[in-house]
Amino acid sequence: MCNSKNLETWKKGKIKSVNVEEFKITDHQYGKHWDLLRCKDCEFIFSDPFPPVEISKIYERIVDPEYVEEEEGRGGNFRSILKTLDRILKNKGSFLDVGSATGIMMNLAKKEGWDVYGVELSKWAVDEAKRRYGIEIVQGDFSEVEFPEDFFKVVCLIDIIEHVSNPKEVIEKVWRILERGGAAVVVTPDIKSFTAKVMGEKWWHFRPAHIGFFSKKSLFHLLRSKGFEIVKLKRYKWRFSLYYIVSRIKLLNKIANSRFLKPVFKRIPIILPLMDSLEVYARKI
Ligand SMILES: [Zn+2]
């Protein structure tokens, strides 16, 4: 990230192999991580050795119906981002959601008048977006898909950058395809958050699919080094249904999935002010 060689072993991991199930967005296998190294200069923490799998190949095969079930909760998160963008930018324009999953964000942005584009690895998710909202998403790897330069007013990387092996290149590309004055939105787990510290090894962002962990310092460093100006930092509040939370607790899973309670729990919205993700708005200057 910062070209420093000043690295230390940060945590030893327990993962020896991976399967596609563990790479779902809704995966419940919390507390699993690779051997992690930390840069003493910029605070970036990353898996080393690199996972012995081609991660993009795994994402292509992901099928995750549970993700779609949480449309309401996830939509709440995305609406709040759209509202913030309205405050930061004077007018709407073209909007790219990188890793658009089943198109929930794209659908909301489109309704608000954005001209939406998406790129997503999972074939299932791309088909789902088309089926549910009639939205076309390019299936492929953001690094490999070509986009015009100076084109987008907004590029969103929501829970993406912790999954990629080349965050520096990803941010560089985002900068290139944004128009001047346009904004990048980056949401990613905050390894230095209070929640992460309290939960220790059990933190839910320790999972096989997460291979890079940022703090405010390392994320700001990355964005500024590529020419971005940080406009706003927020702490992401997670919105879920009560069902999503209860079904994730081993002892309560059966109750959550009972025929009578499941629909009730699904209608009860919960906001978790965990503040353990960074939500950064950065402008191309
Ligand atoms: Zn560094």
Original post:
Would S215 and E43 count as a side chain to side chain donor-acceptor pair (under 3.5 Å) if you check the C-alpha gap in whole Å, the side-chain angles of each, and the deciding distance to 0.1 Å?
Top reply: CA-CA 7 Å; S215 62; E43 291 186 355; 2.6 Å; yes
Original post:
Atom CD1 of I191 and atom CZ of F44: how far apart are they, to the nearest 0.5 Å?
Top reply: 10.0 Å
Original post:
Does a side-chain heavy-atom distance below 4.5 Å link L219 with V280?
Top reply: yes
Original post:
So do the side chains of I81 and N77 get within less than 4.5 Å of each other, counting heavy atoms only?
Top reply: no
Original post:
Between CD of E128 and CD of E120, what distance do you get to the nearest 0.5 Å?
Top reply: 11.5 Å
**OP:** From the options F95, F151, F147, select the one residue that forms a ring-ring contact (aromatic ring centres under 6.0 Å, His included) with Y117.
**Re:** F151
Subject >> Stepwise salt bridge (Lys or Arg N to Asp or Glu O under 4.0 Å) test for E279 and R235 >> reply: CA-CA 6 Å; E279 179 182 329; R235 300 276 166 174; over 6 Å; no
**OP:** Give a yes or no on whether V145 and V164 share a hydrophobic cluster (residues Ile, Leu, Val, Met, Phe, Trp, Tyr; joining criterion: side-chain heavy atoms under 4.5 Å apart).
**Re:** yes
**OP:** Using a strict 4.0 Å threshold on nitrogen-to-oxygen distance, state whether E229 and K284 make a salt bridge.
**Re:** no
Original post:
For I285, does its backbone N or O pair with a side-chain atom of R180 as donor and acceptor, under 3.5 Å?
Top reply: yes
Original post:
Is F220 linked to V170 within one hydrophobic cluster, defined over Ile, Leu, Val, Met, Phe, Trp and Tyr using a side-chain heavy-atom separation of less than 4.5 Å?
Top reply: yes
Original post:
Where is the tightest heavy-atom contact between L85 and A183, given as atom of each residue plus distance?
Top reply: CD2-CB, 4.3 Å
Subject >> Salt-bridge contact K123-D127 (side-chain N to carboxylate O under 4.0 Å) >> reply: yes
Original post:
Going only through I, L, V, M, F, W and Y residues with side-chain contacts under 4.5 Å, is there a path from M275 to L278?
Top reply: no
Original post:
How about K232: does its NZ atom have over 12 heavy atoms from other parts shown lying under 6.0 Å from it?
Top reply: no
**OP:** Report yes if the side chains of K216 and L233 come closer than 4.5 Å at any heavy-atom pair, otherwise no.
**Re:** yes
Subject >> Check: T84 side chain, S80 main-chain N or O, donor-acceptor pair, under 3.5 Å >> reply: yes
**OP:** Output, in order, the C-alpha distance, side-chain angles, deciding distance and verdict of side chain to side chain contact (heavy atoms under 4.5 Å, CB included) for I161 and V186.
**Re:** CA-CA 8 Å; I161 200 148; V186 184; 4.0 Å; yes
**OP:** Hey, could you give me the NZ/CD1 distance between K168 and I171, rounded to the nearest 0.5 Å?
**Re:** 12.0 Å
Original post:
Any chance the side chains of S4 and D41 put a donor and an acceptor closer than 3.5 Å?
Top reply: yes
Original post:
Can you find a pair of side-chain heavy atoms, one from V154 and one from W114, that are under 4.5 Å apart?
Top reply: yes
**OP:** Please determine, by modelled atom types, if D48 and W34 share a side-chain donor-acceptor pair under 3.5 angstrom.
**Re:** no
Original post:
So if you build clusters from Ile, Leu, Val, Met, Phe, Trp, Tyr with side-chain heavy-atom gaps below 4.5 Å, do L82 and V187 land together?
Top reply: yes
**OP:** Go through M105 and C156 one step at a time and tell me if the side chain to side chain contact (heavy atoms under 4.5 Å, CB included) criterion holds.
**Re:** CA-CA 10 Å; M105 171 60 123; C156 285; 4.2 Å; yes
Original post:
Hey, do the aromatic rings of H163 and H210 have their centres closer than 6.0 Å?
Top reply: yes
Original post:
Looking at K153 and L89, what are the two nearest heavy atoms and their distance?
Top reply: CG-CD1, 3.9 Å
Subject >> Smallest separation among heavy atoms of I137 and S100, with atom names >> reply: CG2-OG, 3.5 Å
Subject >> E162 and T188: side chain donor to acceptor below 3.5 Å >> reply: yes
Original post:
Is the backbone N or O of S247 less than 3.5 Å from a side-chain atom of N253, with the two atoms forming a donor-acceptor pair by type?
Top reply: yes
Original post:
Is there a salt bridge (Lys or Arg N to Asp or Glu O under 4.0 Å) between K11 and E201 once you walk through the steps?
Top reply: CA-CA 9 Å; K11 269 182 200 294; E201 287 287 319; 3.1 Å; yes
Subject >> From CG (D190) to CZ (F213), nearest 0.5 Å >> reply: 11.5 Å
Original post:
Is the charged tip of K173 near the ring of F142: under 6.0 Å from the six-membered ring centre and within 45° of its axis?
Top reply: yes
**OP:** Just do the side chain to side chain contact (heavy atoms under 4.5 Å, CB included) check on I230 and Y281 with the steps written out, would you?
**Re:** CA-CA 6 Å; I230 310 292; Y281 298 79; over 6 Å; no
Original post:
Are the side chains of L37 and E8 in touch, meaning some heavy atoms are under 4.5 Å apart?
Top reply: no
**OP:** Please name the residue in the list V155, L157, L178 that meets the side-chain contact (heavy atoms from CB on, under 4.5 Å) test with L96.
**Re:** V155
**OP:** Would you mind reporting whether L223 and W175 have side-chain heavy atoms less than 4.5 Å apart?
**Re:** no
Original post:
If you group Ile, Leu, Val, Met, Phe, Trp and Tyr by side-chain heavy-atom gaps below 4.5 Å, do Y133 and V138 land in one group?
Top reply: no
**OP:** Quick one: closest heavy-atom pair of C42 and M1, and the distance?
**Re:** SG-CB, 4.1 Å
**OP:** Find the distance between CD1 (I177) and CD (E146) and round it off to the nearest 0.5 Å.
**Re:** 11.5 Å
Original post:
Rounded to the nearest 0.5 Å, how far apart are CG of L222 and CD of E172?
Top reply: 9.5 Å
Original post:
Is it true that a side-chain atom of Q139 and a backbone atom of L121 form a donor plus acceptor pair closer than 3.5 Å?
Top reply: yes
Subject >> Test of ring centre spacing under 6.0 Å for F214 and F46 >> reply: no
Original post:
So does K92 pair up with D86, basic N to acidic O under 4.0 Å?
Top reply: yes
Subject >> Any V185 side-chain heavy atom under 4.5 Å of K234 side chain >> reply: no
Subject >> Minimum side-chain heavy-atom gap D97-V116 below 4.5 Å >> reply: no
**OP:** Would you please test V174 and F152 for side chain to side chain contact (heavy atoms under 4.5 Å, CB included) and show each step?
**Re:** CA-CA 9 Å; V174 169; F152 294 103; over 6 Å; no
**OP:** If a pair satisfies salt bridge (charged side-chain N to carboxylate O under 4.0 Å, His left out) and one of its residues is in residues 136-145, list it, with sequence neighbours excluded.
**Re:** K130-E136
Original post:
Would you call the rings of F206 and W10 parallel, tilted or perpendicular if under 30° counts as parallel and over 60° as perpendicular?
Top reply: tilted
**OP:** Check whether any side-chain N or O of D276 sits under 3.5 Å from a backbone N or O of A196 as a donor-acceptor pair, and report yes or no.
**Re:** no
